[in-house]
Structures are given as C-alpha cells and as structure tokens.
Amino acid sequence: MSPATLPDALPDRAAPVGVFDSGIGGLTVVRQLMRLLPGEDIIYFGDTARIPYGTKSDDTVKRFALEDSFFLLDQGVKAVVVACNTASAIAIQVLRRFLPVPVVGVIEPGVQGALRETRNGRVGVIGTATTIRSGAYRRLLLAARPDLQVVSQPCPLFVPLVEEGWIEDEATYLIARRYLQPLLENRVDTVILGCTHYPLLRPVLGKVLGPGVRLVDSGVEAAHHLKQVLAEAGLLNTRRRGEHRFYLSDFPYKFQEIGERFLERTLPHVETVNFEAFLLNKGRRFWAQLEKRWHSAPVPGGDG
Ligand code: DGL
C-alpha cells in the first residue's frame, strides 16, 4: 500500500482505477467500467456517511470530492473516475489541478454523447438540484454548439425513488411526468441522464418521453472516455480479469440489495472504512501537501 502522500510519478498500468461517488449510485458507472474494461482492477469508494451531495453547497462538495480522492490515492490508484455527477459538475477542475493522476468525470463525456445523438438540436438535461444549478452541462453543450436549445430540469425525488426500488411504480410515473413536462413541451430529442441513479429509471423515462427521445447515460460515455484516457497515457490494463474492491464510509440500510440492483450482479465483499479516522490521520497529510501546491490563483470549479 502506498504512503499517504500525493505521488509525483504516474503509477504503472497494473495499478487499479479508483472510482468515487457520494454513495451507492456510482455502481452504475462501475457496471459500465466492468463491461468495457474487464482487465482493470477497480477500487470503489462510496461516501455513504455523507450522502447526498446533490443538495450541498459548492465548497462542501469540493472538499468532499478531494477527501474521497485522497482515500483512492492512498490505495495507489492510477486514475480517478468521478462517478458522481454532482461532484463532477462542481469539483472536477479542483481535482484535475491537485490530483497527480488522470481524472475522468461524467459531465464532459455525457455532453459528447448528447452532441452525437441529437438531431433537432434540442437537448434535455436532468440531474440533482446542485448539478442543474451549477449549469455545467448547459455551459459545455452551448460552448460546443451555441445554436442548441438546452432544457435543464432538477429531479431530486428520483434518487430516493430509485433507492426505494420504486422503479416502475405509479408514483414514479406521476413524478416523472411532472418533472419531464418542460422537456416534452420543448420537444427535446435527446436527454442526458445527469445523475448516477437515473439509468435505473430508463423504462419509466423512455415511456414518459416517448420512443423518439434518445437517453444518454453519462456513465456509459465516461467508461469510453476513461478507456481512451488510459490508452493515451499508456496505462490500459488488458489483462483477462480485473479484481474489484468496494469501500463505504458507512454501511447503510439495505445496502446489499440496493447495490446489487445498481451493479446488476452480486456484490462481493464490501468493507466499511472509518473515514473520519482516515481524514484525521492520513487525510491531514494530504491536505497539508495540497496546501503547499496551492498557488494564489482561485481554484475554478466543475464542468467535467
Ligand atoms: N451521486 C449523485 C449524483 O450523481 C446523486 C446522489 C447525491 O445527491 O449524492 O449526482
């Protein structure tokens, strides 16, 4: 195991890929990574003790995202995947500035997916309140194509509905119809699923939006992007079968059941870490090093 310091040199290709999320939802991204990059070892950290991120302030999300990454760096990862849309939207630039390994978020790949899919130039974006408030998806979509019409809609109730397992429930349809009304009125032909939990709602979203609307899963797009980033950095591991380790900062109620729904397979051993103790000990050393790297310029926020 590596020491609690920010490494200066890139680890080799045999090192694991680190993935973090505010909780369990990031397993939808892990599912895609396992599918596309079966040779990679994956270390997942879900900050289940501090979820949700989707309602928190920008400063808190940035701090949490850095701390989650410290945990992964301490495990010797060669790249960090920010599975959480909220953390990607708010903190990707801070992470890219301070982490010594490649950082892949879900926003930029999701935007690329939508640009590829849309025919009529009307794109819907759904996500947590913080993701939508950040304007990250909208900004990147318009930067690439200023003629696009972007319709953004926060859908905060989708997260608890998915965790409750109410996927094709009457209540979920009712709420989906209400949230998606502005997207329907504006006749979007493409919708970015800008939250870890939303891929599970595909059946409902597909029915409410209609067959003509393409759904872009930012996790799928991020997996492809990671593959490209690793290949370009000479870090791709094409071994036959990778190993996967799962860490959580708390073991929540019904975790196994919910986690397996997200991962679409049996969850192997999951370890609960004493994250508070980690932050008080090793975390402090990471923060001290990071402060040394901190130059006077203010740190920008998200968009990735
Ligand atoms: N993982 C978060 C996201 O993708 C959803 C859950 C939360 O609010 O923390 O935005």
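Numbering of ligands and ligand atoms starts at 1, following listing order. Keep in mind that the numbers below use all heavy atoms, side chains included, and drop hydrogens, waters and symmetry copies.
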Within a reach of under 6.0 Å around CZ of Arg241, are more than 12 heavy atoms found that belong to other residues, nucleotides or ligands?
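Open: at most 12 neighbouring heavy atoms sit under 6.0 Å from CZ of Arg241.
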
Suppose I only count heavy atoms of Asp21 and a 4.0 Å limit; which atoms of ligand 1 are within that range?
1 (N)

In terms of atom number and element, which parts of ligand 1 are under 4.0 angstrom from non-hydrogen atoms of Thr128?
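Per the distance check, 5 (C), 8 (O), 10 (O).
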
Has ligand 1 got any nitrogen or oxygen that is less than 3.5 angstrom from a nitrogen or oxygen of Tyr53?
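It does: an N or O of Tyr53 is found under 3.5 Å from an N or O of ligand 1.
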
Pick one of side chain, backbone, both or neither for how Asn85 approaches ligand 1, counting any non-hydrogen atom pair under 4.0 Å.
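Both of them.
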
Any idea which part of Ile51 is under 4.0 Å from ligand 1, heavy-atom wise: side chain, backbone, both or neither?
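For Ile51, only side-chain atoms sit under 4.0 Å from ligand 1.
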
Looking at non-hydrogen atoms alone, which of Ser22, Gly219, Gly54, Pro52 comes nearest to atom 6 (C) of ligand 1?
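Heavy atom nearest to atom 6 (C) of ligand 1 belongs to Ser22.
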
Aromatic ring proximity Tyr198/Phe158, centre distance under 6.0 Å
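Yes, they do, as the ring centres are separated by less than 6.0 Å.
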
Just to verify, which of Arg13, His244, Lys78 counts as forming a side chain to side chain donor-acceptor pair (under 3.5 Å) with Glu40?
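Considering Arg13, His244, Lys78, a side chain to side chain donor-acceptor pair (under 3.5 Å) with Glu40 is found only for Lys78.
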
Closer than 4.0 angstrom: is that true for some heavy atom of Cys195 and an atom of ligand 1?
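Per 4.0 Å heavy-atom rule, Cys195 contacts ligand 1.
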
Using 4.0 Å as the upper bound for N to carboxylate O, is an ion pair formed by [Y] and [X]?
X: Arg284; Y: Glu276; answer: no
X: Glu67; Y: Arg50; answer: yes
X: Asp58; Y: Arg63; answer: no

Considering only non-hydrogen protein atoms, determine which one is nearest to atom 10 (O) of ligand 1 and report residue, atom name and distance to 0.1 Å.
Thr86 OG1, 2.6 Å

